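A quick note: this is a predicted structure, and the numbers were derived from the prediction, not measured.
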Amino acid sequence: MLTRVKSAVANFMGGIMAGSSSNDHLGGSDLPLKFPYMRPEFLGLSLDEIECSADHIARPILILKETRRLPWSTGYAEVINAGKSTLNEDQACCEVVVVKKKPGVLSSPNKTSTLKRRSSLPNGEGLQLKENTDSEGLTFHYWALFDGHAGSGAAVVASRLLQRHIVEQLQDVLDVLRNSAVAPPTCLGEDPDHAPGGRALTRAASLRGAAGAPGSPSAPPTRFFTEKKIRHESLVTGAIENAFKTMDSQIESERSVYNISGGCTALVVVFLLGKLYIGNAGDSRAIIIRNGEIIPMSSEFTPESERQRLQFLAYMQPHLLGNEFTHLEFPRRVQRKEVGKQMLYRDFSMTGWAYKTIEEDDLKFPLIYGEGKKARVMATIGVTRGLGDHDLKVHDSNIYIKPFLSCCPEVKVYNLTEYEHGADDVLVLATDGLWDVLSNEDVAEAVTNFLANCDPDDQHRYTLAAQDLVMRARGVLKDRGWRISNDRLGSGDDISVYIIPLMHGNRQQ
């Protein structure tokens with residue numbers, strides 16, 4: 001087992017299996033690609049430019065040629081890795097998307113009056129009507145980063161399709177969301193007599209296809225109004241969560257038809273009805289910088305941060321460990337000579353440590369091994385949430401790792417309407433290639449100082465700030481590799497960065 005683990009670590013360092021990306025698109029599979037390898041469409045690169053961008057020695061930083069290609073004057077920059085994979089396994093997507101009613105679905109009875117009241121709302125709550133392409137839809141803005149591993153296939157597919165799944169999920173709650181855009185915020189299930197503003201959506205709105213006036217045969221009984229209250233933002237959160245699950249299921253079902261290699265982390269932002277919804281599955285990161293203050297908007301999901309979830313699953317379903325791993329954690333590898341002796345340990349129920357007597361089963365390799373960026377699940381992968389990885393196995397075994405990898409994102413909500421944002425207040429999204437070498441404080445200081453020295457009217461300032469961040473994380477090539485400030489080792493990973501000005505979001509209200 002130890003030999004196998006050493007080989008696996010060598011082949012899968014940093015969650016990337018050596019050489020797999022070259023097989024991804026250069027003949028490693030007889031199956032066709034669902035989508036060809038690409039760089040973000042909004043960069044507007046030619047095929048020659050895409051080829052030049054893959055230079056692992058020069059590592060040119062790519063930036064937007066035209067700021068008009070992205071909403072809100074969003075800045076973007078990226079750079080390829082220093083040779084750990086043939087292709088850039090990061091992917092990015094940014095779109096303005098319209099959610100329309102599904103064909104054949106009737107509008108709610110009060111839609112006409114709803115639209116007439118829309119423009120008179122105080123504080124501009126919700127989207128302006130002019131943003132809707134017609135009276136039946138809602139518009140949302142979408143940014144996304146996908147960090148691939150073991151190939152770029154899953155990242156490419158997710159960058160093309162995840163937003164479509166979000167649209168499909170939002171269609172199911174479109175009428176409810178449109179109603180919430182024209183009335184005081186309430187909760188599903190609230191009593192109309194006690195709801196803020198004297199109005200609430202009936203419990204029927206939470207029943208798919210339910211309709212009818214009070215007293216009609218299809219109307220819900222009064223007792224429904226005493227049940228659980230559901231906020232409208234929870235519907236959007238649920239739509240994003242379900243979209244991730246649907247995307248992961250599609251990758252699984254189509255992997256026998258298309259060459260969709262590896263897996264990917266996913267970090268997405270949806271701006272809808274005045275709120276930012278940040279969904280994260282993996283180790284990319286989002287922070288808001290507002291008046292110099294840092295507001296974390298995501299959490300990284302790693303073997304260490306999700307230790308208890310992983311250990312609990314292994315405890316409940318020990319067959320997933322293939323009789324080669326133990327769900328228990330020890331400060332170091334247990335040796336045979338220590339059987340019968342006492343050693344510190346912990347399991348899924350513990351945050352602290354305690355002593356136990358070592359048994360034969362404790363000699364198995366730990367489910368989670370290593371610390372920090374070197375921590376691995378089954379000595380193979382360093383992230384515990386994301387999309388894809390359905391075929392990933394422990395090296396030289398038939399033990400699948402996917403059961404331990406969740407596709408469910410954590411979704412955090414930021415209400416833009418609660419704050420007045422200046423030109424230097426931004427949301428920063430980046431893959432782990434940036435955060436491996438720069439802290440939240442490093443990034444906030446760099447962005448704040450850079451924007452302070454730019455013309456506030458320069459719409460390229462956010463792209464240049466993103467370029468500056470990538471430059472700081474990549475560093476400069478020297479005799480001893482890529483180096484950043486204080487001669488520290490720079491990032492050898494793919495790096496992708498969005499800088500989204502929040503002031504422009506306020507103008508969308």
Side-chain angles (χ1 to χ4, degrees), residues 21 24-25 29 31-43 69-71 76 78 87-100 102-103 137-174 236-272 277-282 284 383 385-392 402 405-409 411 429 431 496 498:
S21 1
D24 187 2
H25 297 277
S29 172
L31 296 175
L33 297 171
K34 187 170 182 66
F35 299 107
Y37 172 78
M38 57 180 287
R39 299 316 311 142
E41 184 178 355
F42 54 73
L43 287 177
R69 285 183 175 269
L70 295 185
Y76 178 83
E78 68 169 44
L87 302 174
N88 187 334
E89 295 180 333
D90 282 2
Q91 292 291 327
C93 178
C94 181
E95 296 182 6
V96 178
V97 186
V98 177
V99 184
K100 298 182 179 180
K102 291 181 178 179
L138 279 179
T139 302
F140 71 83
H141 294 72
Y142 174 83
W143 299 260
L145 290 175
F146 305 92
D147 184 355
H149 47 256
S152 58
V156 170
V157 171
S159 71
R160 296 289 193 95
L161 298 181
L162 181 57
Q163 63 272 37
R164 298 185 190 179
H165 291 301
I166 293 176
V167 168
E168 291 170 359
Q169 295 297 324
L170 288 175
Q171 285 177 324
D172 290 338
V173 293
L174 181 59
V236 181
T237 296
I240 295 171
E241 291 168 337
N242 269 340
F244 271 66
K245 290 188 284 187
T246 305
M247 183 73 260
D248 191 59
S249 296
Q250 181 178 356
I251 293 174
E252 180 182 20
S253 64
E254 294 186 349
R255 74 189 196 280
S256 61
V257 181
Y258 296 105
N259 176 18
I260 306 177
S261 61
C264 66
T265 67
L267 174 64
V268 306
V269 175
V270 171
F271 173 73
L272 178 64
Y277 296 83
I278 296 95
N280 184 49
S284 294
V383 292
R385 296 203 191 189
L387 305 171
D389 288 314
H390 297 282
D391 296 315
L392 182 60
K402 180 62 177 180
L405 308 180
S406 172
C407 64
C408 297
V411 181
L429 312 177
T431 53
S496 301
Y498 280 116

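Looking at heavy atoms from C-beta onward, Lys34 lies out of side-chain contact with Val257 at the 4.5 angstrom threshold. A 4.5 Å side-chain heavy-atom check between Tyr142 and Cys94 finds every atom pair outside the cut-off. For the pair Asp248 and His390, the minimum side-chain heavy-atom distance is below 4.5 Å. Residues Gln250 and Arg164 fail the side-chain proximity criterion, which asks for heavy atoms closer than 4.5 Å.
Ser261 approaches Ser152 most closely through the heavy-atom pair OG-N, 3.7 Å. The two residues Cys407 and Ala281 come nearest to each other via the heavy atoms O-CB, 4.3 Å. Closest non-hydrogen pair, Tyr277 versus Leu272, comes out as CE1-O, 3.9 Å. For the residue pair Gly279 and Pro409, the shortest heavy atom distance occurs at C-CB, 4.2 Å. Among all heavy-atom pairs drawn from Pro36 and Arg160, the shortest one is CD-NH2, 4.4 Å. The two residues Asp90 and Ser496 have their closest heavy-atom pair at OD2-OG, 3.0 Å.
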Steps toward side-chain contact (heavy atoms from CB on, under 4.5 Å) verdict (Val98, Val167)
CA-CA 8 Å; Val98 177; Val167 168; over 6 Å; no
Starting from the C-alpha separation in whole Å, work towards a yes-or-no answer on side-chain contact (heavy atoms from CB on, under 4.5 Å) for Lys102 and Asp172.
CA-CA 8 Å; Lys102 291 181 178 179; Asp172 290 338; 2.8 Å; yes
For a side-chain contact (heavy atoms from CB on, under 4.5 Å) check, start with the C-alpha distance between Phe140 and Val97, then their side-chain angles and the critical distance, and finish with the verdict.
CA-CA 5 Å; Phe140 71 83; Val97 186; 3.6 Å; yes
Dump the intermediate steps for side-chain contact (heavy atoms from CB on, under 4.5 Å) on Gln163 and Cys93, then the final yes or no.
CA-CA 9 Å; Gln163 63 272 37; Cys93 178; 3.4 Å; yes
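Between His141 and Trp143, the ring planes lie parallel to each other; the angle is under 30°, not in the 30° to 60° tilted range.
In this structure Glu168 satisfies the side-chain contact (heavy atoms from CB on, under 4.5 Å) test together with His165, Gln171, sequence neighbours excluded. Under the rule for a side-chain contact (heavy atoms from CB on, under 4.5 Å), the partners of Ala92 that lie at least two apart in sequence or sit in another chain are Pro40, Phe42, Tyr76, Leu145, Tyr498. In this structure Glu41 satisfies the side chain to side chain donor-acceptor pair (under 3.5 Å) test with no other residue, sequence neighbours excluded.
Note that OG1 of Thr246 is 11.5 Å distant from CG of Leu161, once rounded to the nearest 0.5 Å. Distance check, rounded to the nearest 0.5 Å: OG1 of Thr139 to NZ of Lys100 gives 9.5 Å. To the nearest 0.5 Å, atom CD of residue Glu241 and atom CD1 of residue Ile166 are 11.5 Å apart. Going from atom CZ of Arg385 over to atom CZ of Phe244 covers 11.0 Å, rounded to the nearest 0.5 Å. Between the SG atom of Cys408 and the CG atom of Asn242 there is a distance of 8.5 Å, given to the nearest 0.5 Å.
In the model, Ser284 has no side-chain atom that pairs as donor or acceptor with a side-chain atom of Asp147 under 3.5 Å.
Ion pairing between Glu252 and Lys402 fails under the 4.0 Å rule for side-chain N and carboxylate O.
Judged purely by atom type and a 3.5 angstrom limit, Gln91 has no side-chain atom pairing as donor or acceptor with the backbone of Ala154.
The side-chain contact (heavy atoms from CB on, under 4.5 Å) test with Leu387 is passed by exactly one of Ile260, Leu405, Ile251: Ile251.
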